[in-house]
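Read the structure below first, then the notes.
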Amino acid sequence: MILYPAIDLKDGQAVRLLRGDMDKATVFNEDPAAQALAFVEAGCEWLHLVDLNGAFAGEPVNAAPVESILKTCKVPAQLGGGIRDMKTIETWLDKGLARVILGTVAVESPDLVREAARAFPGKVAVGIDARNGRVATKGWAEETDVMVTDLARSFEDAGVAAIIYTDINRDGAMQGPNVEATADLARAVSIPVIASGGVSSLADLVALRDCGADLNGAISGRALYDGALDLNEALKTLAS
């Protein structure tokens with residue numbers, strides 16, 4: 001199971017939000033590329049990047065720090081937030097991004113996800129962010145009536161590389177991930193599932209690894225910045 005350190009970008013800085021609230025942002029590093037390099041030097045194999053401003057704006061906003069991270073770090077990175085058309089997808093992949101994450105458009109324009117997955121095999125993931133089992137879009141600001149499992153299953157034949165499932169109520173709250181809901185989703189689809197939201201300790205990672213479902217990985221942010229989760233220890237545990 002892969003551990004994806006998260007770098008959430010707001011106004012050019014690496015921050016973490018509490019339950020997706022842009023007004024509850026903690027700045028952890030004013031130099032996102034330096035933060036990314038620290039994660040890489042500690043041994044991480046992937047980076048998870050989110051353009052928070054972009055998620056609300058509907059277009060890339062933090063392009064400069066993302067480009068700096070891509071130039072500085074030689075591990076693959078995935079990015080979500082404000083990626084809502086083919087031109088933006090192509091632009092990011094041309095700049096060296098390994099994988100784009102499509103969230104809002106997965107609900108509003110599912111045909112775009114299918115087109116992108118066909119055009120760029122292995123490079124398109126679907127981000128499913130949910131409160132109480134229902135999908136939220138536009139930077140988690142809007143809730144829909146779409147159920148998580150229904151949305152995930154609709155992309156079974158699309159060729160997407162992964163589904164990144166975030167329980168919004170757990171995100172940044174340091175209360176542990178929703179292991180049960182994540183495992184249920186992973187069992188419901190054949191697409192690889194990455195857990196996100198609430199991973200705050202080594203025990204959380206072990207619980208996800210041993211949940212009985214084949215998870216591709218887990219994303220952690222605040223716990224790594226706060227020191228509640230030691231990256232070296234986590235990577236060794238997951239590799240053993």
Side-chain angles (χ1 to χ4, degrees), residues 1-8 14-20 28 35-36 38-40 42-50 52 73 75-81 98-103 122 125-131 133 135 140 148-149 152 160-240:
M1 194 172 82
I2 299 168
L3 177 60
Y4 295 79
I7 299 178
D8 290 359
V15 308
R16 290 301 286 168
L17 305 184
L18 178 61
R19 298 186 178 95
F28 282 104
Q35 182 62 64
F39 286 145
V40 172
C44 78
E45 300 173 5
W46 271 85
L47 292 169
H48 175 78
L49 314 177
V50 181
L52 293 171
C73 302
V75 301
Q78 59 186 20
L79 171 70
R99 195 152 66 196
V100 295
I101 304 166
L102 305 181
V126 170
I128 300 182
D129 309 323
R131 285 189 183 94
V135 178
W140 304 350
V148 169
T149 303
V160 300
I163 288 173
I164 298 164
Y165 171 63
T166 303
D167 186 312
I168 297 169
N169 289 331
R170 305 292 184 104
D171 193 71
M174 299 290 284
Q175 294 175 350
N178 192 332
V179 177
E180 183 178 358
T182 306
D184 286 346
L185 177 61
R187 294 188 193 101
V189 296
S190 61
I191 306 166
V193 172
I194 300 169
S196 176
V199 176
S200 55
S201 68
L202 190 62
D204 290 339
L205 282 178
V206 172
L208 288 167
R209 183 192 67 187
D210 300 340
C211 70
D214 187 16
L215 297 181
N216 168 271
I219 294 165
S220 184
R222 181 176 290 273
L224 293 173
Y225 295 105
D226 285 347
L229 179 62
D230 181 88
L231 182 54
N232 284 302
E233 183 181 15
L235 292 170
K236 288 177 184 175
T237 299
L238 293 179
S240 61

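Because the structure is predicted, anything quoted here is derived from the model rather than measured. Residues: numbered from 1 along the sequence shown.
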Exercise: identify the closest heavy-atom pair between [X] and [Y]:
X    : Y    : result
L215 : L208 : CD1-O, 3.6 Å
A213 : A186 : CB-CB, 3.7 Å
P192 : N216 : CB-CB, 3.9 Å
V75  : C44  : CG1-O, 3.7 Å

| request: Count the heavy atoms belonging to other residues, nucleotides or ligands that lie under 6.0 Å from CG of D214, then report whether that count exceeds 12. | output: no
Reported [atom1]-to-[atom2] distance for the pair [X] and [Y], which is rounded to 0.5 angstrom:
X    : Y    : atom1 : atom2 : answer
I168 : L17  : CD1   : CG    : 11.5 Å
R16  : D226 : CZ    : CG    : 10.0 Å
L185 : I191 : CG    : CD1   : 8.5 Å
I7   : F28  : CD1   : CZ    : 12.5 Å
Y165 : D129 : OH    : CG    : 9.5 Å

| task | State whether the side chain of R170 and the backbone N or O of G197 hold a donor-acceptor pair below 3.5 Å, judged by distance alone. | result | no
| Within the distance-only criterion (no hydrogens, no angle test), does the side chain of S196 pair as donor or acceptor with the backbone N or O of I219 below 3.5 angstrom? | no
Heavy-atom side-chain contact between [X] and [Y] under 4.5 Å:
X    : Y    : result
L205 : M1   : yes
I194 : H48  : no
T237 : R209 : yes
L202 : L229 : yes
T182 : P177 : no

| request: Decide yes or no on ring-ring contact (aromatic ring centres under 6.0 Å, His included) for F39 and Y4, but give the supporting numbers first. | output: CA-CA 10 Å; F39 286 145; Y4 295 79; over 10 Å; no
